Chemist: 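Input: one structure, supplied below.
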Amino acid sequence: MTTKMFDRIALIGIGLIGSSIARVIRREGLAGEIIISTRRAETLARAEELGLGDRYEQSAAEAVKDADLVIVSVPVGASGAVAKEIASSLKPGAILTDVGSTKASVIAQMEPYVPSNVHFIPGHPIAGTERSGPDAGFAELFQNRWCILTPLPGSDEAAVAKLADFWTACGSNIDTMDPNHHDMVLAIVSHLPHIIAYNIVGTADDLETVTKSEVIKYSASGFRDFTRLAASDPTMWRDVCLHNKDAILEMLARFSEDLASLQRAIRWGDGDKLFDMFTRTRAVRRSIIEAGQEVDAPDFGRIAVAKPAEASQGRD
Ligand SMILES: NC(=O)C1=CN([C@@H]2O[C@H](COP(=O)(O)OP(=O)(O)OC[C@H]3O[C@@H](n4cnc5c(N)ncnc54)[C@H](O)[C@@H]3O)[C@@H](O)[C@H]2O)C=CC1
Ligand SMILES: O=C(O)C(=O)Cc1ccc(O)cc1
């Protein structure tokens with residue numbers, strides 16, 4: 001067990017991410033007291049049933065009073081409303097952070113409300129699943145995953161270091177990044193894959209010549225992988241799309257161009273082009289594995305994948 005890092009930690013929003021944070025705080029003994037608040041009374045009651053906190057407050061403003069660390073884990077479109085609600089109750093010297101999947105928009109929404117005596121340090125754990133709600137969380141979620149902090153210009157270095165230490169104690173590796181750069185990187189590695197998954201599953205669902213039962217019955221693992229991503233929370237992903245609009249549209253434009261080029265290669269029977277591209281992309285997965293990242297398997301939780309040497313290499 002790690003030692004206590006904060007006397008009181010307030011968690012605003014207690015879904016997949018908030019409840020995973022609550023569980024790892026408890027397991028590692030990182031807080032003297034965990035205070036939980038969330039919008040819906042039923043969710044708060046469920047968090048209490050699960051024993052995720054020490055105190056439960058319907059009012060977010062009440063929850064953050066006296067908290068040394070406040071972590072906002074709500075859909076990114078709700079960040080501004082939460083900041084407005086808690087701003088005047090934040091303790092001087094407290095650290096305020098979030099876990100939102102987009103950063104520039106969250107900063108634009110929250111920063112105007114944050115008092116100058118509070119350290120606002122936006123963050124994003126690059127860890128999650130397609131599930132949501134307080135039952136979905138688990139203490140190991142952040143283990144060996146990256147957590148990106150996007151401190152604002154002039155942020156207090158000691159506060160940034162303390163938040164980094166907190167995420168390290170949760171099992172994560174830390175990077176700091178400019179918020180706009182974060183949004184561009186995440187648009188390609190996370191947001192586009194989800195949008196593509198929503199799209200392909202929607203297309204399959206719309207097909208008239210193939211019945212829904214055939215799609216379900218014959219779904220090979222490729223389609224199944226897409227259905228996992230496409231089962232992700234609609235509110236969360238609606239907000240990500242609306243709040244990282246520019247970066248997502250830029251990446252979608254590039255994606256569409258490359259798809260058109262692939263389409264042309266298929267139409268003209270350009271096997272060499274297809275082979276060369278598929279060889280290049282295979283190397284990307286190998287690099288991910290060699291970098292020591294675990295790979296998510298849709299139905300079996302997180303598993304390590306076969307080492308590159310075990311995979312077939314040849315053209316035949
Ligand atoms: N699900 C994932 O895989 C990941 C999600 N994130 C980010 O974490 C944040 C939370 O996502 P999840 O925990 O997955 O969502 P979730 O849907 O599991 O939980 C969201 C929580 O926020 C509460 N909430 C919603 N609106 C609220 C409001 N206006 N005021 C107070 N509470 C409110 C809900 O009641 C719920 O407790 C999002 O910003 C998301 O972008 C970051 C990394 C991974
Ligand atoms: O479920 C998956 O595969 C994810 O990609 C989880 C995820 C979703 C959103 C994030 O901002 C970070 C991680």
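Predicted model only: the values in this text are computed from it and were never measured. Numbers here are sequence positions counted from 1. Just so you know, ligand 1 is whichever comes first in the structure, and atom 1 is the first atom listed for that ligand.
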Chemist: Which atoms of ligand 2 are found less than 4.0 Å from any heavy atom of H124?
Modeler: 10 (C), 11 (O), 12 (C)

Chemist: S132 heavy atoms, cut-off 4.0 Å: which ligand 1 atoms fall inside?
Modeler: 16 (P), 17 (O), 18 (O)

Chemist: I need the contact type for R145 against ligand 2. Using non-hydrogen atoms and a strict under-4.0 Å cut-off, is it side chain, backbone, both or neither?
Modeler: neither

Chemist: Specify the protein heavy atom at minimum distance from atom 29 (N) of ligand 1: its residue, its atom name, and the distance to 0.1 Å.
Modeler: A78 CB, 3.5 Å

Chemist: If the test is side-chain contact (heavy atoms from CB on, under 4.5 Å), which one of I86, L69, I35 qualifies with V64?
Modeler: I86

Chemist: Between R39 and ligand 1, which residue portion shows a heavy-atom distance shorter than 4.0 Å: side chain, backbone, both, or neither?
Modeler: both

Chemist: Check whether the side chains of K245 and S105 place a donor and an acceptor atom closer than 3.5 Å, and report yes or no.
Modeler: no

Chemist: Verify the neighbour count for atom CD of E49: are there more than 12 heavy atoms of other residues, nucleotides or ligands below 6.0 Å?
Modeler: yes

Chemist: Does S101 reach ligand 2 with a nitrogen or oxygen that is under 3.5 Å from one of the ligand's nitrogen or oxygen atoms?
Modeler: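 N/O-N/O distance below 3.5 Å exists for this pair.
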
Chemist: If you count the atoms of ligand 1 from 1 in the order shown, which ones are under 4.0 Å from a heavy atom of A127?
Modeler: 43 (C), 44 (C)

Chemist: Salt bridge or not between K103 and D178? Use side-chain N to carboxylate O under 4.0 Å.
Modeler: no

Chemist: Hydrophobic cluster membership, with links at side-chain heavy-atom distances under 4.5 Å among I/L/V/M/F/W/Y: are I17 and I25 in one?
Modeler: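 Yes, I17 connects to I25 through the hydrophobic network.
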
Chemist: Show the numbers, then the answer: is there a side-chain contact (heavy atoms from CB on, under 4.5 Å) between I21 and V99?
Modeler: CA-CA 10 Å; I21 296 173; V99 298; 3.9 Å; yes

Chemist: On a heavy-atom basis, I'd like to know which of S190, P134, P75, G123 is closest to atom 25 (C) of ligand 1.
Modeler: P75

Chemist: Tell me which part of W237 gets within contact of ligand 2: side chain, backbone, both or neither, using heavy atoms under 4.0 Å.
Modeler: side chain

Chemist: For the hydrophobic clusters of this structure (ILVMFWY residues joined by side-chain heavy atoms under 4.5 Å, transitively), does one cluster hold both F226 and I195?
Modeler: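 As far as the 4.5 Å side-chain criterion goes, I195 and F226 are connected within one cluster.
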
Chemist: Using a 4.0 Å cut-off to any heavy atom of H194, which atoms of ligand 2 qualify?
Modeler: 4 (C), 5 (O)

Chemist: Regarding S19 and R23, do their side chains bring together a donor and an acceptor under 3.5 Å, going by distance alone?
Modeler: yes

Chemist: At less than 4.0 angstrom from any non-hydrogen atom of T38, what atoms of ligand 1 do you find?
Modeler: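 Listed by number with element, the hits are 23 (C), 32 (N), 34 (C), 35 (O), 36 (C), 37 (O).
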
Chemist: Which is it for S261 and K273 under the side-chain hydrogen bond (donor to acceptor under 3.5 Å, both in side chains) test, yes or no, and what are the steps along the way?
Modeler: CA-CA 10 Å; S261 155; K273 184 171 177 145; 3.0 Å; yes

Chemist: Is L152 reachable from V114 through a run of I, L, V, M, F, W or Y residues, each pair having side-chain heavy atoms under 4.5 Å apart?
Modeler: yes

Chemist: Mark up the atoms of ligand 1 that fall under 4.0 Å of a heavy atom belonging to V99, in ascending order.
Modeler: 6 (N), 7 (C), 8 (O), 9 (C), 42 (C)

Chemist: Could you list which atoms of ligand 1 come closer than 4.0 Å to a heavy atom of S101?
Modeler: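 Contacts of ligand 1 toward S101, numbered from 1: 6 (N), 7 (C), 40 (C), 41 (O), 42 (C).
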
Chemist: Say whether V72 and I34 are linked into one hydrophobic cluster, either directly or through other cluster members, by side-chain heavy-atom distances under 4.5 angstrom.
Modeler: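 No.
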
Chemist: Below 4.0 Å, non-hydrogen atoms only: which portion of E130 touches ligand 1? Side chain, backbone, both or neither.
Modeler: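 Neither part.
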
Chemist: Counting from 1, what ligand 2 atoms have a heavy atom of M236 closer than 4.0 Å?
Modeler: 9 (C)

Chemist: Quick check on contacts: which atoms of ligand 1 are under 4.0 angstrom from a heavy atom of S73?
Modeler: 10 (C), 20 (C), 21 (C), 22 (O)

Chemist: Is it the case that more than 12 heavy atoms not belonging to R46 sit under 6.0 Å from its CZ atom?
Modeler: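 Yes.
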
Chemist: Strictly below 4.0 Å, N to O, side chains only: are D7 and K4 in salt-bridge contact?
Modeler: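 Yes, this pair counts.
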
Chemist: Please could you name the atoms of ligand 1 that H124 approaches to less than 4.0 Å, counting only its heavy atoms?
Modeler: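 Answer for ligand 1: 42 (C), 43 (C).
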
Chemist: For atom 15 (O) of ligand 1, what is the nearest protein heavy atom, given as residue, atom name and distance?
Modeler: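 So the nearest neighbour among protein heavy atoms is L16 N, 4.5 Å.
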
Chemist: Is I17 close to ligand 1, meaning an N/O of one under 3.5 Å from an N/O of the other?
Modeler: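 It does: an N or O of I17 is found under 3.5 Å from an N or O of ligand 1.
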
Chemist: Quick check against the 3.5 Å criterion: does D239 have a side-chain atom that pairs as donor or acceptor with the backbone of G77?
Modeler: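 Yes; judged by distance alone, with no hydrogens or angles, the pair exists.
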
Chemist: Look at atom 5 (C) of ligand 1 and say which protein heavy atom is nearest, naming residue and atom and giving the distance to 0.1 Å.
Modeler: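 The protein heavy atom lying closest is M236 CE, 3.4 Å.
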
Chemist: Under 4.0 Å from ligand 2, counting heavy atoms only, is it the side chain of L186, its backbone, both or neither?
Modeler: neither

Chemist: Any idea how F6 and F166 line up, ring-wise: parallel (<30°), tilted (30 to 60°), or perpendicular (>60°)?
Modeler: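 Ring orientation of F6 relative to F166: perpendicular.
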
Chemist: Touching ligand 1 at all, A81? Heavy atoms, strictly under 4.0 Å?
Modeler: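 Distance cut 4.0 Å: A81 fails for ligand 1.
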
Chemist: Distance to 0.1 Å, residue and atom name: give those for the protein heavy atom nearest to atom 19 (O) of ligand 1.
Modeler: G15 CA, 3.2 Å

Chemist: Just heavy atoms, cut-off under 4.0 Å: does S79 contact ligand 1 by side chain, backbone, both, or neither?
Modeler: neither

Chemist: Suppose I only count heavy atoms of P125 and a 4.0 Å limit; which atoms of ligand 1 are within that range?
Modeler: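 The atoms of ligand 1 under 4.0 Å from a heavy atom of P125 are 43 (C).
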
Chemist: Counting only heavy atoms, which portion of V82 has something under 4.0 Å from ligand 1: side chain, backbone, both, or neither?
Modeler: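 Only the side chain of V82 comes within reach of ligand 1.
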
Chemist: Are more than 12 heavy atoms from other residues, nucleotides or ligands located less than 6.0 Å from atom CZ of R55?
Modeler: yes

Chemist: Under 4.0 Å from a heavy atom of R228: which atoms of ligand 2 are those, numbered in the order shown and with their elements?
Modeler: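 Within the 4.0 Å cut-off of R228, ligand 2 contributes 1 (O), 2 (C), 3 (O).
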
Chemist: Could you check atom 38 (C) of ligand 1 against the protein and tell me its nearest heavy-atom contact, residue, atom and distance included?
Modeler: V74 O, 3.2 Å

Chemist: Crowded around Q58 CD? As in, over 12 foreign heavy atoms under 6.0 Å?
Modeler: yes

Chemist: Tell me the nearest of G128, S20, S232, G18 to atom 3 (O) of ligand 1, using heavy-atom distances.
Modeler: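 The nearest heavy atom belongs to G128.
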
